[in-house]
Amino acid sequence: MVGRFLVPRQMAIACHSHRRYLLQFIDHLGGWGSSDGMDQVELPVEGYVAGARRDPIVARLEERIANHTGIPVHPHEDILSIFRVSSHGGLGDLNIAGTHWTMVDSWDLAPDSPRGGFFPPFGLHHDSHERPHRAWTLMVYLQLPDSGGRRIFPLAGRPPKDGEPAERHRQFMAALQDLFGGAERNFSRRAFFDVHAEHPFMDLIEESCRGEYGVSFLPMEPGAAILYPSHSRSLRTWTAGCNVIKGTQIVLQKFKEYPLERRGQDEPIPPYQPFVEQ
């Protein structure tokens, strides 16, 4: 199911030779290392940003993404990132009393697989979380897992019209809107939850990871790309990456941000690791 705001199609971003080059580029730098606070997610080792800034293929990809989004490469956005995800298998007790749907601070891994593995290990978020000047998100799948790894947008698409499904959708949307923080909350826009909880919201999220609710994208071949708005006005693009059930997924991701001239004069500038420096 595809929403009008998504562009899940083969775009001329990274051809086969570019995908192979990027993976070899990471290997030559020293391979993969752990990420802060996210088990089963790996990032290129230290030195990736410095190496990527000098790389002609990365420069070509940055320009192609700029052309697709209409926002030029500039020093107030992060360089394109690459990450590798393996299966969580399951999550244990997150120290949440009862079945209340809420935010939590830590994850406890366990060998079981709740909901058949159809859950997002890191909760839901809006890509403008703590970065309110993001405009577009582009993802290119460099390597696909054997199973799982669907990208979901539970609030997008055509909502249920009648009865209990419509009311459940309304409550779910209201709960996420309450977590869509503004400046007074440092633009915090994410939700964590207990995937073991018997809660209607978790049922919706599982349905979304199965491709049965909202809008979702499951790439069928390497090189598949998805482009979607991530600015603060796009309230329906709460998103998550569902659990990789089997295998490994490698994704290239770029967050395009508005340049300074399109922001408020007194707004703080976050720390960036840009492709082009000032």
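As a basis for the values below, the full set of heavy atoms in this structure was taken, side chains included, without hydrogen atoms, waters or symmetry mates. Keep in mind that what you see is a predicted model, and the values were worked out from it rather than measured.
Between Pro259 and Ile71, the shortest heavy-atom distance links the atoms CD-CG2, 4.1 Å. Of all the heavy atoms in Gly241 and Pro121, the pair that sits closest is O-CD, 3.5 Å. Taking both residues in full, the closest heavy atoms of Tyr48 and Leu80 are given as OH-O, 2.8 Å, listed atom of the first, atom of the second, then distance. Minimum interatomic distance between Ile152 and Cys242 (heavy atoms only, all atoms of both residues): CG2-SG, 3.5 Å. Nearest heavy atom pair, residue Phe83 against residue Gln253, reads CE2-OE1, 3.7 Å. Nearest heavy-atom pair across Leu144 and Pro222 is CD1-N, 3.7 Å.
Environment of CD in Gln143: crowded, with over 12 heavy atoms of neighbouring residues, nucleotides or ligands closer than 6.0 Å. Atom CD of Glu46 is surrounded by 12 or fewer heavy atoms from other residues, nucleotides or ligands within 6.0 Å.
In this structure a side-chain-to-backbone donor-acceptor pair under 3.5 Å is present from Ser87 to Val244. A distance-only check finds a donor-acceptor pair linking the side chain of His74 to the backbone of Glu257 [under 3.5 Å].
When ring centroids are compared, Phe201 and Phe193 stay outside the 6.0 Å threshold. Aromatic ring centres of Tyr213 and His169 lie closer together than 6.0 Å.
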*Determine, stepwise, if the pair Arg189 / Ser128 fulfils side-chain hydrogen bond (donor to acceptor under 3.5 Å, both in side chains).*
CA-CA 7 Å; Arg189 297 166 180 177; Ser128 64; 2.7 Å; yes
*asked:* Is there a side-chain hydrogen bond (donor to acceptor under 3.5 Å, both in side chains) between His126 and Ser230? Walk through the geometry before answering.
replied: CA-CA 7 Å; His126 195 280; Ser230 48; over 6 Å; no
*Are Asp127 and His125 close enough, and set up right, to give a side-chain hydrogen bond (donor to acceptor under 3.5 Å, both in side chains), and what steps lead you there?*
CA-CA 6 Å; Asp127 280 344; His125 69 277; 2.8 Å; yes
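Side chains of Asp55 and Phe25 form a contact here, defined as non-hydrogen atoms less than 4.5 Å apart. Here the side chains of Tyr141 and Arg151 are in contact, with some heavy-atom distance below 4.5 Å. Leu124 places a side-chain heavy atom less than 4.5 Å from the side chain of Pro154. Counting heavy atoms from C-beta outward, Thr237 and Thr137 have side chains that stay 4.5 Å or more apart. Using a 4.5 Å cut-off on side-chain heavy atoms (C-beta onward), Asn243 and Cys209 make no contact. Residues Val58 and Tyr21 form no side-chain contact, since every pair of their non-hydrogen atoms from C-beta on lies 4.5 Å or further apart. Between His76 and His133 the shortest side-chain heavy-atom distance does not fall below 4.5 Å.
Between Glu167 and Arg170, at least one side-chain N (NZ, or NE/NH1/NH2) sits under 4.0 Å from a carboxylate O, which counts as a salt bridge. We find that Asp203 and Arg115 are joined by a salt bridge, their nearest charged nitrogen and carboxylate oxygen being less than 4.0 Å apart. Look at Glu130 and Arg190 and you find no salt bridge, because none of the NZ, NE, NH1 or NH2 atoms lies under 4.0 Å from a carboxylate O.
How far CD1 of Ile13 is from CG of Leu227: 8.0 Å, rounded to the nearest 0.5 Å. Once rounded to the nearest 0.5 Å, the distance linking NZ of Lys254 with CZ of Arg64 reads 15.0 Å. Taking CG of Leu179 as the reference point, atom NE2 of His129 lies at 11.0 Å (rounded to 0.5 Å). Note that CE of Met202 is 9.0 Å distant from CZ of Phe172, once rounded to the nearest 0.5 Å. Note that the CG atom of Leu138 and the OG1 atom of Thr69 stand 8.5 Å from one another [nearest 0.5 Å]. The distance from atom CD of Gln40 to atom CD of Gln249, rounded to the nearest 0.5 Å, is 13.5 Å.
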